[in-house]
Novice: 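Have a look at the structure that comes next, please.
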Number of protein chains: 2
Amino acid sequence: MLPSENKYLTNVSFDTVIFGFTGEELKILVLEYQNTGLFALPGGYIRRDENLLDAAKKGIMKRTGLKTIHLEQFHTFGKLNRSNPEPSKKIAKGLGYQMPDDHWVLDRFITVGYYSLIDYNQVRPTPNKFSDSINWYDINKLPPLMMDHGEIVQKALEAIRNDLGKKPIGTNLLPKKFTMKELRKVYETILDKKLRRTTFQRKILSMDVLIRHEKLYTGAANKAPYLYSFDKEKIENL
Amino acid sequence: MLPSENKYLTNVSFDTVIFGFTGEELKILVLEYQNTGLFALPGGYIRRDENLLDAAKKGIMKRTGLKTIHLEQFHTFGKLNRSNPEPSKKIAKGLGYQMPDDHWVLDRFITVGYYSLIDYNQVRPTPNKFSDSINWYDINKLPPLMMDHGEIVQKALEAIRNDLGKKPIGTNLLPKKFTMKELRKVYETILDKKLRRTTFQRKILSMDVLIRHEKLYTGAANKAPYLYSFDKEKIENL
DNA sequence: TCTTTATTGTATCAATTTGCTACAATAAGA
DNA sequence: TCTTATTGTAGCAAATTGATACAATAAAGA
């Protein structure tokens with residue numbers, strides 16, 4: 001079944017850039033449509049009876065299996081040439097649907113971009129009926145994305161780098177407990193540059209948003225690092 | 001004439017928060033619809049054959065008489081309850097039009113917010129056929145705005161405060177030549193807090209984006225301040 | 001058990017930036 | 001010439017950041 005017009009807003013959609021961190025690399029979720037070779041960001045339409053943000057959350061929760069999610073809106077894309085009916089036609093065809101030329105999903109769309117930083121290990125990527133795969137891709141090794149989705153990813157990255165200074169953003173990218181090195185790696189990967197180990201540690205600790213736990217014995221032949229977690233309460237009150 | 005559906009995108013609009021600086025106060029442009037007592041931000045719809053950004057620019061140029069304008073997108077508002085057909089009905093009624101209940105402008109809208117900082121003295125506020133006045137209002141003495149336009153203004157302010165640190169934002173709020181005190185006033189008014197005179201001066205000068213010109217003799221019984229202008233080239237290369 | 005090795009947590013001090021105070025240099029009026 | 005209100009900048013203290021050093025491990029190997 002194709003989505004029916006009276007249920008959804010026309011000419012508006014959302015797209016999401018979902019970031020995960022493997023410990024080494026920053027990845028995002030990209031889905032591939034069946035029998036088309038088309039890669040796209042997870043996105044969707046907005047039902048007439050739901051908030052824009054809720055629509056986006058619902059979409060992402062379905063694709064990730066997460067029960068809660070924090071989305072950050074970063075930009076809305078409305079260039080004339082960003083819409084292109086061909087991919088949608090191809091997708092419908094790949095699914096075996098006949099799509100009339102005047103179907104509303106073939107019309108021009110303005111799309112609202114959201115990003116989210118989530119714990120890579122908590123996610124179960126779940127394809128929907130339109131896509132036959134959804135997978136993590138290294139931010140530096142993305143497949144060619146359809147329409148302007150590549151540009152959307154770039155804007156999301158810019159936005160994150162901007163927001164990184166304000167609130168402790170690593171909150172959701174790492175498991176509950178993590179080492180200082182892992183946290184620094186997150187920052188280094190997002191900013192795409194090395195940070196001074198000692199200065200970073202001093203800075204983060206002085207922010208007073210971390211709780212120190214037991215040590216982590218990895219078996220490596222050196223001093224074991226402490227584990228930390230974020231102090232959600234103190235972060236709220238900032 | 002009411003706007004016709006086939007010319008515009010449905011369910012999407014834009015609204016703009018246009019800031020001007022009098023030398024003392026930060027003001028924004030607010031329009032009032034004829035015979036309704038409704039105050040609103042300048043906004044509009046997007047033609048099917050134009051970019052979102054161009055639509056917004058065109059709208060603002062009409063209302064301000066400016067020939068060039070820089071708009072900064074800051075947020076898109078898509079709450080379910082933000083749309084309300086009553087104001088539009090009232091506006092149409094005030095204009096003497098009969099608006100059918102299923103007219104597309106009465107439908108739910110998601111609106112993209114843009115802000116702009118412009119030279120107060122260059123502007124000729126120009127009402128359109130739907131509004132009988134468009135005027136500058138002190139940011140702290142706004143009339144009650146319709147729908148969620150008050151919230152939109154707040155978000156715009158937040159965005160500006162955020163952007164203030166990055167690029168020299170006063171560029172367009174002041175006339176070409178200005179004194180250091182005026183520039184500081186702009187920052188103080190936007191941030192809504194006093195800044196240290198000497199520290200501000202040192203900081204701005206060290207950024208190396210100002211050109212110093214002749215002195216300004218105001219007739220006041222004290223040392224005359226220098227006039228400055230922004231060095232657009234150096235700002236570009238930052 | 002004693003070395004060896006890699007890494008972690010801090011201390012320390014230099015370099016830079018910011019906060020604060022002081023003061024000389026005016027314009028114009030008295 | 002004296003007075004007054006600002007302006008521009010110097011100078012030093014306080015806070016932040018950069019860079020280096022070093023003690024304290026954890027585990028492997030001699």
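All values reported here derive from a predicted model rather than from experimental measurement. Sequence lines set the chain letters: A, B, ... in the order given, protein chains first and strands last, and positions in each chain run from 1.
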Novice: Would you grab the first and last nucleotide of DNA chain D (5' to 3') that comes under 4.0 Å of any non-hydrogen atom in chain A?
Specialist: D:dT17 to D:dA27

Novice: Can you check whether B:Y114's main-chain N or O pairs, donor with acceptor, with B:T16's side chain at less than 3.5 Å?
Specialist: no

Novice: Does B:Y226 have B:K215 sitting over its ring (NZ/CZ under 6.0 Å from centre, angle to axis within 45°)?
Specialist: yes

Novice: Relative to each other, are the rings of B:F230 and B:F178 parallel, tilted or perpendicular (30° and 60° limits)?
Specialist: tilted

Novice: Look at the aromatic rings of A:F19 and A:Y115 and report parallel, tilted or perpendicular, splitting at 30° and 60°.
Specialist: perpendicular

Novice: What is the distance from NZ of B:K215 to P of C:dT26, rounded to the nearest Å?
Specialist: 6 Å

Novice: Treat primed atoms plus P, OP1 and OP2 as sugar-phosphate and everything else as base, then score nucleotides 9-17 of chain C 5' to 3': B for base contact with protein heavy atoms under 4.0 Å, S for sugar-phosphate contact only, - for none.
Specialist: BB-B-----

Novice: Salt bridge (charged side-chain N to carboxylate O under 4.0 Å, His left out) with A:E214: which residues, sequence neighbours excluded?
Specialist: A:K177

Novice: Taking the inter-plane angle between the rings of A:F109 and A:Y45 on a 0 to 90° scale, is it parallel (under 30°), tilted (30 to 60°) or perpendicular (over 60°)?
Specialist: tilted

Novice: How close or far is atom C1' of C:dA27 from atom CD of B:E214, stated in whole angstroms?
Specialist: 16 Å

Novice: Using modelled atom types and a 3.5 Å cut-off, is there a donor and acceptor pairing between side-chain atoms of A:T64 and backbone atoms of A:V123?
Specialist: no

Novice: Atom NZ of residue position A:K79 - does it have more than 12 heavy atoms of other residues, nucleotides or ligands inside 6.0 Å?
Specialist: no

Novice: Please report the distance, rounded to the nearest Å, between CZ in B:F200 and P in C:dG19.
Specialist: 13 Å

